[in-house]
Amino acid sequence: MTSVKSDFLRLLTERRYIHQCTDLEGLDALAAEKAPFAAYIGFDATAPSLHVGSLVQIMMLRRLQQAGHKPIVLMGGGTTRIGDPSFRDESRPLLDDARINANLAGIKRVFSKFLTFGDGPTDAVMVNNDDWLSGLNYIAFLRDYGRHFSVNRMLSQDSVKIRLDREQNLSFLEFNYMILQAYDFVELAKTYGVRLQMGGSDQWGNIIQGVELGRKAADLQLYGLTSPLITTASGAKMGKTANGAVWLNEDARSPYDYWQFWRNTEDGDVGKFLRLFTELPEAEVARLEALQGAELNDAKKILATAATTLAHGQDAAEAAAETARKTFEEGAAADTLPKVAVEVGAGVPVYELLVKAGMAASNGEARRLIKGNGVRLDDVAVTDEFAKVTTLGSTGTVKLSAGKKRHALIVAG
RNA sequence: GGAGGGGUGGCCGAGCGGUCAAUGGCAGCAGACUGUAAAUCUGCCGACGAAUGUCUACGUUGGUUCGAAUCCAACCCCCUCCA
């Protein structure tokens, strides 16, 4: 990768956001011009919130805006009704329209945290591809655009290879996904002057189809840029934890849990995550990344607070950091921990508390957890699986812990 | 339409009339060691119950049998070959 001239690509390169680009020099020249250009990333509405798996993409749009260009957020209201088969070994159940619309509403909220929306030349804009896809005329579409797609070519895409190799059914419906995504790109190029589509590396094939369609059908010079798939140092896909996916919406995962997710980053990922998910200066990242042993924990805290600030705001991030500090470093029961209100009465079995606190899925699981020596009340191990809490003591609260990391406060209720 | 193969717990994958809540692996949870890390080792891993136990589960619905994930029938879905 030769040296790039534009602020945008220099930033993305330095921060390791780039996996592949259709034409790095051409894009660099475009980005180096004074006038802002528009770029987009599409997000399908498969869940009520986006999770950290989409965070690289969100950050790329943010970086684009910081570099003085215009981010377009494409909501996949239309394409979600098809379902992207890329790198999936089987089709997903189709979502109904009500579900999709509810998901869209949830997903939209996160973008306001990362981007500035408005009417200005570099303000972000949100559009929905259902607006132009749902009204397409089939025959006209096939004649105008369908003729530019080669089935031979599409069948050779890596993204559908898994499905074909495993002899899993790939329906014609799903097969059309890449065509519609390509059409989206051209549509956005025509109406918003979009020149670049970004996305995860799994979107490369779909993006190229769009770039080529632009050239063949509309004589447009379009660009594609993908980010690397983010895995942890030990090889796992990023973003899965005990509590499931790491959602970006506050109502799906609390800022405290979100902070904890980043705090528990593996050693080998600290530098990578600081670059991708925070805006600390490169020199500071290099310093933090070089810390050794237990000192790396300081870097992880900085990472956690910085990343949480972006998603949930500074106040929430600092509150989360403080809750964690009290809980883990002082061993105190920070009163900002999740609370479980109970009627103590004649005594409540500890296993019931665990279930109420969401630390166990069933009474049986809760009791096993106790038997396995994993439960503590105010830091005293519970040894009897049928132990009961009979009093909340003078403070009126008892700290309930499942393992070393999961804590809740029991309060009268 | 014809012939054949297949659908098992979150995933992969054994089982092929009783001893099967179902081997094994992965994932997950907990313990030990540590640094709220990784790796490693150990335990747990359907629900309910204090418990002998009860209930729900092997695509769906029926049947055979004292007894079925295992046999039979019909149906649904997937795959391969032929048309």
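Small disclaimer: the values here were computed from a predicted structure and weren't measured. Side chains are part of it too, since the values below use all heavy atoms of this structure and drop only hydrogens, waters and symmetry mates. All chains are named by letter (A, B, ...) in the order of the sequence lines, taking the proteins before the strands, and each is independently numbered beginning at 1.
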request  = Choose from B/C29, B/U36, B/G35 the nucleotide whose nearest atom is closest to any side-chain atom of A/Trp259.
outcome  = B/U36
ask   = Can you tell me how far P in B/G7 sits from the matching atom in B/C58, rounded to whole Å?
value = 14 Å
request  = Using a strict cut-off of less than 4.0 Å between a Lys/Arg side-chain nitrogen and an Asp/Glu carboxylate oxygen, indicate whether A/Glu322 and A/Arg325 qualify as a salt bridge.
outcome  = yes
key: Heavy atoms from other residues, nucleotides or ligands near CD of A/Glu343 exceed 12 (cutoff 6.0 Å)   = no
inquiry  = The side chain of A/Lys405 is closest to which nucleotide in this list: B/A37, B/G49, B/G35?
reply    = B/A37
inquiry  = Categorize A/Lys300 for me: base, sugar-phosphate, or nothing, with a 4.0 angstrom heavy-atom threshold over every strand shown.
reply    = base
task = In sequence, state the C-alpha distance, the side-chain angles, and the governing distance for A/Glu284 and A/Arg287, and then conclude on salt bridge (charged side-chain N to carboxylate O under 4.0 Å, His left out).
result = CA-CA 5 Å; A/Glu284 177 70 353; A/Arg287 184 186 73 80; 3.2 Å; yes
key: Gap in Å between the two P atoms, one belonging to B/U19 and one to B/C55, rounded   = 15 Å
ask   = Looking across every strand, which nucleic acid part, if any, lies under 4.0 Å from A/Ala324 by heavy atom: base, sugar-phosphate, or nothing?
value = base
message = Between the base of B/G35 and the side chain of A/Asp267, is one N or O donor paired with an acceptor at under 3.5 angstrom?
response = yes
task = Determine the interatomic distance between P on B/C29 and the same-named atom on B/C45; round to the nearest Å.
result = 16 Å
query = For A/Arg406 and B/A30, is the shortest distance between a side-chain N/O and OP1 or OP2 below 4.0 Å?
reply = yes
request  = Assign A/Arg325 to base, sugar-phosphate, or nothing according to its heavy-atom contacts below 4.0 angstrom with the strands shown.
outcome  = nothing
message = Distance criterion of 3.5 Å, no angle test: do you see the side chain of A/Lys404 paired donor-to-acceptor with the base of B/U34?
response = yes
ask   = Is it true that A/Arg275 and A/Glu282 have a side-chain N and a carboxylate O under 4.0 angstrom from each other?
value = yes
query = Can you give the dot-bracket line for RNA chain B, using ( ) for pairs inside the strand, [ ] for pairs that cross earlier ones, | for pairs with another strand and . for unpaired bases, where Watson-Crick and G-U count if both distances are under 3.5 Å?
reply = ((((((((.[[[..)..(.....]]].(((((.......))))).(((....)))...[[[[[..)....]]]]]))))))).
ask   = Within the structure shown, what part of the strands sits under 4.0 Å from A/Asp269 by heavy-atom distance: base, sugar-phosphate, or nothing?
value = nothing
message = Between A/Gln292 and A/Arg376, which residue's closest nucleotide on RNA chain B lies nearer the 5′ terminus?
response = A/Arg376
ask   = Passes ring-ring contact (aromatic ring centres under 6.0 Å, His included), A/Tyr183 versus A/Phe141? Steps please.
value = CA-CA 10 Å; A/Tyr183 177 72; A/Phe141 179 77; 5.2 Å; yes
message = Need one value for A/Thr327: base, sugar-phosphate or nothing, where a base atom within 4.0 Å counts as base even if backbone is also close, heavy atoms only.
response = nothing
task = Could you tell me whether A/Arg10 and A/Asp28 make a salt bridge, using a distance below 4.0 angstrom between a side-chain N and a carboxylate O?
result = no
task = Side chain of A/Phe328 only, please: which of B/G35, B/A50, B/U36 is the nearest?
result = B/U36
message = Using 30° and 60° as the class boundaries, would you call the ring planes of A/Phe175 and A/Phe172 parallel, tilted or perpendicular?
response = tilted
inquiry  = So A/Glu295, base contact, sugar-phosphate only, or nothing? Heavy-atom distance under 4.0 Å.
reply    = nothing
query = Heavy atoms under 4.0 Å, any strand shown: does A/Asn264 hit a base, just sugar-phosphate, or nothing?
reply = base
message = Looking only at the side chain of A/Asn363 (C-beta and beyond, no hydrogens), which of the listed nucleotides B/C48, B/A37, B/G31 gets closest?
response = B/C48
ask   = When you measure from the side chain of A/Arg263, which nucleotide among B/A50, B/U36, B/G31 comes out closest?
value = B/U36
key: Touch class at under 4.0 angstrom, heavy-atom based, for A/Gly364 against every strand present   = sugar-phosphate
inquiry  = Do A/Arg367 and A/Tyr351 form a cation-pi contact, if we require the NZ or CZ to be under 6.0 Å from the six-membered ring centre and within 45 degrees of the ring's axis?
reply    = yes
task = Take A/Gly374 and A/Ala294, find for each the nucleotide of RNA chain B with the closest heavy atom, and name the residue whose nucleotide sits nearer the 5' end.
result = A/Gly374
